[in-house]
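Quick notes on the structure that follows.
Note that this is a predicted model, so its numbers are computed, not measured.
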Amino acid sequence: MWLVGPPFPYTKEHGVQWLTARKAECEQAVQDMEDGNQFVSNCPVRIIRERQDNGTDTLLGDIMICRSVFREVEDEEERERKVKENAEREVGDPDIVYSFGDFLSPTHHGRGIMTAAIRTVMEDWAIPCMGARRFEVDTLAENVASQKVFEKNGFVFAGEMKNVVDLAKMGKGEGMLGIRSFVRNGALD
């Protein structure tokens, strides 16, 4: 689970694996469009960047939409059943539950960038092009700013699990963190 960040230490191999997987996902979405499919499997655009005056780009963050892995379901068998059922649904099925993964450079926090990015991906891509209607997200319980991003995009609090993220197992120090879950159904009015 990358909810607290990438592996540490983050090696070149981790980066290559991540980029290879993301490239394949984006290429599949483009192929879906080229094939004339009514709905596509995912969003071909992920990177949040800032264009500099000299024409170069600065990476600000990443935004991903994917089928939910139901982290909020505590019973492992039930979670696996839901993940399998969700994964087997046909592209465009309105009962697919989607989730987001995102990060933004701390230098750009508090500017509304992620709120706008989430809204754009949902309203301009996921709903019309993927047939997405059901969304759920998980945030660290302590990450109030991330929770506000989703609340501003029509998500409502659905529940909390305490002490489920073991920082030591992730090489992020000591202690346990909780997860807060949020859901949204359909387009904003």
Side-chain angles (χ1 to χ4, degrees), residues 1-6 22 25-26 29 39-49 60-76 78-106 108-165 170 176-189:
M1 171 179 6
W2 283 36
L3 202 55
V4 231
R22 301 305 74 83
E25 291 166 359
C26 294
F39 295 111
V40 298
S41 56
N42 57 53
C43 183
V45 180
R46 298 182 48 124
I47 302 303
I48 302 168
R49 61 193 176 127
L60 300 184
D62 176 60
I63 183 170
M64 164 193 74
I65 185 167
C66 62
R67 294 185 188 212
S68 179
V69 294
F70 302 98
R71 282 189 187 98
E72 76 286 357
V73 177
E74 294 185 55
D75 180 84
E76 192 169 327
E78 176 65 7
R79 182 181 323 113
E80 288 174 6
R81 184 193 66 73
K82 290 182 78 149
V83 168
K84 183 177 187 288
E85 182 180 276
N86 205 40
E88 290 174 347
R89 293 187 183 282
E90 292 289 323
V91 171
D93 185 327
D95 290 325
I96 295 171
V97 180
Y98 287 96
S99 188
F100 283 94
D102 61 81
F103 76 86
L104 186 67
S105 171
H108 286 69
H109 286 183
R111 299 185 190 182
I113 295 169
M114 191 55 74
T115 299
I118 295 287
R119 178 169 286 119
T120 299
V121 168
M122 278 196 318
E123 298 295 329
D124 295 343
W125 187 263
I127 291 171
C129 299
M130 296 171 66
R133 296 292 180 269
R134 299 177 61 201
F135 303 91
E136 62 181 35
V137 296
D138 298 318
T139 69
L140 290 175
E142 294 79 2
N143 191 346
V144 175
S146 185
Q147 294 161 26
K148 287 181 180 179
V149 163
F150 289 105
E151 289 173 335
K152 289 175 186 175
N153 279 294
F155 285 77
V156 296
F157 177 71
E160 183 170 352
M161 295 189 318
K162 298 190 182 289
N163 300 318
V164 293
V165 178
M170 303 182 81
M176 301 289 288
L177 298 176
I179 293 176
R180 297 191 85 199
S181 297
F182 295 80
V183 297
R184 176 182 148 172
N185 292 310
L188 286 177
D189 296 328

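Here the NZ-CZ distance, from Lys152 to Arg119, works out to 9.5 Å after rounding to the nearest 0.5 Å. Ser105 contributes atom OG, which lies 10.5 Å from atom CE of Met114 (distance to the nearest 0.5 angstrom). Distance check, rounded to the nearest 0.5 Å: CG of Leu177 to CG of Asn143 gives 10.5 Å. One finds the CZ atom of Arg67 at 9.0 Å from the CZ atom of Arg89 (value rounded to the nearest 0.5 Å). Distance check: Ser41 OG to Glu25 CD gives 8.5 Å after rounding to the nearest 0.5 Å. A distance of 15.0 Å separates CD of Glu76 from CZ of Phe70, quoted to the nearest 0.5 Å.
Phe155 is not listed as a side-chain neighbour of Gln147, based on a closest heavy-atom distance of 4.5 Å or more. Taking the side chain as every heavy atom from C-beta outward, Arg184 and Val156 never approach each other to under 4.5 Å. A heavy-atom distance below 4.5 Å is found between the side chains of Asn153 and Thr115. When side chains are defined from C-beta on, Val45 does not count as touching Trp125, because their heavy atoms never get closer than 4.5 Å.
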Derivation and outcome, salt bridge (Lys or Arg N to Asp or Glu O under 4.0 Å), residues Glu85 and Lys82: CA-CA 5 Å; Glu85 182 180 276; Lys82 290 182 78 149; over 6 Å; no
side-chain contact (heavy atoms from CB on, under 4.5 Å) between Ile65 and Met130, worked out: CA-CA 10 Å; Ile65 185 167; Met130 296 171 66; 4.1 Å; yes
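Nearest heavy-atom pair across Thr139 and Ser146 is CG2-OG, 3.6 Å. Between Arg180 and Glu160, the shortest heavy-atom contact is NE-OE1, 3.4 Å. Of all non-hydrogen atoms in Ala29 and Cys43, the two that sit nearest each other are CB-C, 4.3 Å. Nearest heavy atoms, Ser68 versus Val83: O-CG2, 4.3 Å.
By the ring pair (Phe, Tyr, Trp, His ring centres under 6.0 Å) test, Tyr98 is found to be paired with no residue, residues two or more places apart in sequence or in another chain being considered. With sequence neighbours left out, the side-chain hydrogen bond (donor to acceptor under 3.5 Å, both in side chains) criterion links Lys84 to Glu88. Remark: Phe135 engages no residue in a ring pair (Phe, Tyr, Trp, His ring centres under 6.0 Å) (not counting sequence neighbours). Take Arg49 and apply the side-chain hydrogen bond (donor to acceptor under 3.5 Å, both in side chains) test, not counting sequence neighbours, and it matches Asp57. Asp124 meets the side-chain hydrogen bond (donor to acceptor under 3.5 Å, both in side chains) test with no other residue; sequence neighbours excluded. Residues satisfying the ring pair (Phe, Tyr, Trp, His ring centres under 6.0 Å) criterion with Phe157, sequence neighbours excluded, are Phe182.
One N or O on the side chain of Arg79 and one on the backbone of Val73 form a donor-acceptor pair closer than 3.5 Å. Side-chain atoms of Asp138 do not come within 3.5 Å of backbone N or O of Ile179 as any donor-acceptor pair.
Remark: Glu136 does not engage Arg134 in a salt bridge, criterion side-chain N to carboxylate O under 4.0 Å. Ionic pairing of Lys148 and Glu151 is not present here: no N-O contact between side-chain nitrogen and carboxylate oxygen is shorter than 4.0 angstrom.
Residue Asp102 forms a side chain to side chain contact (heavy atoms under 4.5 Å, CB included) with just one option from Ile118, Val149, Val121, Val137, and that option is Ile118.
Using the six-membered ring where Trp is involved, Phe100 and Phe150 have ring planes that are tilted, between 30° and 60° apart.
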